[in-house]
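A, B, ... follow the sequence lines: proteins, then strands. Residue 1 opens every chain.
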Amino acid sequence: MRKILFALLFVAMVWSGYAADEVIKVGWFGALTGDQAVWGDTEFNTVKMLFEEYNAKGGIEVGGKTYKLQVIGYDNKGDAQESVNVVRRLVSQDKVVGILGPNSSGNAIPIAGILEQYKVPDIATVATNPKVTVMNGKVKPYNFRVCFIDPYQGAVAAGYSYEKLKARKAAILYDISDDYSQGLRDFFIQNFVKLGGKIVADESFKGGDVDFRAQLSKIKASNPDIIFMPHFFKEVALSARQARELGITSTLIGGDGWPSEQLISIGGKAVEGSYIVNHLDYKDPDVADFRARYRARFAKDAELNAFLVHDAVLMLVDGLKRAGKVNGEALAKAFTTTDIIGITGRIKISAETHNPEGKDAAIQKIVNGDYEFIGKYSPR
Amino acid sequence: MDFSYILGILTLAGINLIAVLGLSLLTGFTGLFSFGHAGFMLIGAYVGVWFNQPAGGSPAGLGLPFLVGLVAGAVASGLMAWIIGKITLRLKGDYFCIATLGFGEAIRLVFDNFQGFGGSRGWPLTITPGPSMIWIILACDLVGVLFLANLIRSRHGRNMIAVREEELAAQIAGVNVVRYKMLSLIVSAVYAGVAGYLLANYLTFLQPKIFNLQKSTELTIIVIFGGLGSISGSVIGALVLTILPEMLRFFSIWRFVFYGAAVILIMVARPQGLMGGMELSPAGLRKARAARLARRAILAESEAGSNQGGRR
Amino acid sequence: MIQFLQQLINGLSLGSVYALMAVGYSLVYSIMNFSNFAHGGVIMLGAYFGFFAITALKLPFLPAFIVAILGTGLLAVIIERVAYKPLRDRKAPFLYFIISAMGASIFLENIVIATIGPTFKSYPPIFDFTPLQLGQIAVGRLDAIAFIVSAVSLTALVLFIERTRLGKAIQASSYNMKACTLMGVNTDLVVLVVFALGGILAGVAGVFFGMKYTVYPQIGNITLKSFIAAVFGGLGSLPGAVLGSLLLGVIETLVAGYLSSQYRDLIAFVILIGVLVLRPSGIMGKVAEDKA
């Protein structure tokens, strides 16, 4: 990994030195270490690869001048406070024009104040909690995202469970220390009950917990048709294993915190036959080209976040071109009218919410250790 | 090097200094080790912030001015210290240590579970722009050092040192040991509370896990590093151990490795820490010189003595 | 009723993991009279040793297990020589030992973060997780094995201490180290053996923990609970450590099951404070000597 980084650095230096062009500095931050490292890693790799590709073609043109793109990336260790720290560093010391990431809502919500203070916009990749862009009814002027939001995701999960999987009794196990998990659980409950379903167990744990058997025993006793697990893959794998060890046979369903190779490698047979609400179908022909390029460059498969940060990069470049100058405030303004086609679908940013409108969800099922696309689903 | 970046580091160092000064009183001068002082920082932060944050926010506060929040936080920490002290101060040495650890963690867990303040997900703060943080912190640092220095030099300070040196003897000599331990604990908690409140305002984000066991241990390590019983040692320790890791951010991952190794080294090789109980002040330097001369005199005399006669 | 029994089983299996860790604490405390906070770090490294033995050295489970526990036994001895022996020789106050222990624990956790990396690793699946069914109650296979191994290890330890000469020396030293030296006991050897034994137990605990819950540098923090269990049962008493651990595991699980899972960590610290304030010697501990 380190060799690739150094090689990249060398390549980037050579390329930038070669043309002695001006450089646009873009920030990225996410989890390069910790539980979600696999996602941060895939995001950072993608940004670097895409910037390389742009620079190889000569860079991008903004306001009549050509610029090379440079990414400055920091590890936030999956931690909210560290996110605040590194964002402060990016805007005050590195003076980036825009920031890509993070993938987690819990890390995206606290950075709004600094973004506003320094007037630098941020595009969150897979942060789905509504509070990332809209808090207390007011839109945050410098926060944007390229993914759908949890009210929608919760409705999809609830609708699919009720309508397609015919579940009438649902149990929930969620992470109370995480905005994403809490929010998704709230929206699932809202929608499932509205459809006529019943929540028979509502259990929580704290991020970092590794033993869920007390909660799972209660869930087992409530005899649910389906168990909703709106948290991240590491705890999903552990809790799924423990659930099976307790003899729970109910179907499991989760959100976009699930999909990762590690879910399968740790969860194994415990997660077999489970359903996931995801942002896209990995086997979609539109993404095949990107997947191939990623695989060729990094010798491993792209994870979910790669596709979304890819579109974030497209949104950034498009925004810069329309803004006409390398300035955070102008860039933010340009973002409010974004309308592009990315590999995850159409990204039309709403000026009121800074969220993309009308993105569909894809339902996947884990079959034989692989993510199989079942279909798109829209809640009624 | 960006000015605002340097300012940021100095701000953090200044905040740490306040907490370290308080802990120095408790550990360096009164001889009580605490592994739970982050808990007092937490109380000062949350109570102060609750008083200060606008009523329309989520979570909501009381909307009172910044200084009111500061005082509220400080008072709350002091109160908590009084309660904890009543329960734990009669425990001996390492049992007290463990009890502080227990309380520090318990406080953090209580706030983790209390959803009204955002629970473990945290509380993003709305900061009203005002006078720069750095001036407030410098003011607090100055007041903190002066107050501490005066306290140490006073009768109360001397009694605390007596408790540290030989508790039983101090008690026999008529010092109200429990009262002075309590005083020391409360003052150190107030300092920690102020530091916690300022930290929250600097970070613009509050979360219980900021004030975890690691933070408590960090504070104790700084005090030990600077040298027990030395205010200037604590000042130097706080500055060096906050600024250095920030400057060597590359090596920041090794910072705690260094801390751990340094602690073992200090305990094994030089438990008196950097300053070894000496102060970097005119009076302090004079005392150090006097001690050095005295040591030399004693050595010379014992050597001269052993040359006389065959007494082995 | 079934629910209660199931939660009881859950609590006991959690407690048996704590027990393995807590015995190490108590063992060292009984001899040295201080709480060896570095123990958590040793447990964590046990998990890592086992992991690398299986994945990097490609050993089958049993040899990897042996390698791991021998590794931790050695590590514990090294820590003793570096961080505690100099203090022992200098007759430093007990508080210094705790500080040094804290330093060692921070060092171990962070050197792993700095070198191997903070991202978790998971053991390749070795035991199947279809549960063993006792009527309506499910017991995990790995849990059952861990329980048996714990019981065997602890029995072996007790036999060693009660029946062998070295074991008797350890018992004697726990009462009065100085007198033992005068009586010709090689106290240095006693201390070494005690730490080695504690280290081996830590290795067993670490490997099973890693297998059940994945391997990560912060495992040492979980052992804070086992430390509380040791205090609860009475620092210095081995049966106390086991009893305290099982009780803590059950209480924690019942609180999580019947009250709210949010309080499971908090209850452990409440117990700690309660024990320290009301009965510092714990359930089965020796009466606390004057620490003036």
Open item on the list: Quick check for you: among A:E203, A:Q36, A:Q215, A:K206, which has the greatest number of heavy-atom pairs under 4.5 Å with chain C?
Closed with: A:Q215

TODO: Can you measure from CG (C:N10) to CG (A:L216) and round to the nearest 0.5 angstrom?
DONE: 9.0 Å

Open item on the list: With a 6.0 Å cut-off (strictly less than), is the heavy-atom count around OH of C:Y263, excluding the residue itself, greater than 12?
Closed with: no

Task: Close side-chain approach of A:Q242 and C:Y213, heavy atoms under 4.5 Å - done: yes

Open item on the list: C:V17: which residues meet the side chain to side chain contact (heavy atoms under 4.5 Å, CB included) condition with it, sequence neighbours left out?
Closed with: C:M21, C:F209, C:K212

Task: Nearest heavy atoms of A:A214 and C:G257, plus distance in Å - done: CB-N, 4.0 Å

- [ ] Nearest 0.5 Å please: distance from the OG atom of C:S13 over to the CD atom of A:E245.
- [x] 8.5 Å

Task: Atom pair OG1 (C:T214) and CG (A:D35), whose distance is rounded to the nearest 0.5 Å - done: 7.5 Å

Open item on the list: Atom CZ of residue position C:F4 - does it have more than 12 heavy atoms of other residues, nucleotides or ligands inside 6.0 Å?
Closed with: no

TODO: Report yes if some heavy atom in the side chain of C:Y216 is under 4.5 Å from a heavy atom in the side chain of A:V210; otherwise report no.
DONE: yes

Task: Rounded distance (nearest 0.5 Å) linking atom CD of A:Q262 with atom OG of C:S122 - done: 7.0 Å

TODO: Pick one of side chain, backbone, both or neither for C:N221, based on which atoms fall under 4.5 Å of a heavy atom in chain A.
DONE: neither

- [ ] Can you check whether anything in residues 175-189 of chain A gets within less than 4.5 Å of chain C, heavy-atom wise, and list it by number?
- [x] A:I176

Task: Heavy-atom pair count under 4.5 Å with chain C, highest-scoring of A:D211, A:V38, A:L238 - done: A:D211

- [ ] Measure distances from C:T253 to the heavy atoms of chain A and classify the residue's part below 4.5 Å as side chain, backbone, both or neither.
- [x] both

- [ ] Measure the shortest side-chain to side-chain distance between A:D209 and C:D265 over non-hydrogen atoms and say whether it is less than 4.5 angstrom.
- [x] yes

Open item on the list: Measuring from atom CD of C:Q6 to atom NZ of A:K218, what distance do you get when rounded to the nearest 0.5 angstrom?
Closed with: 14.0 Å

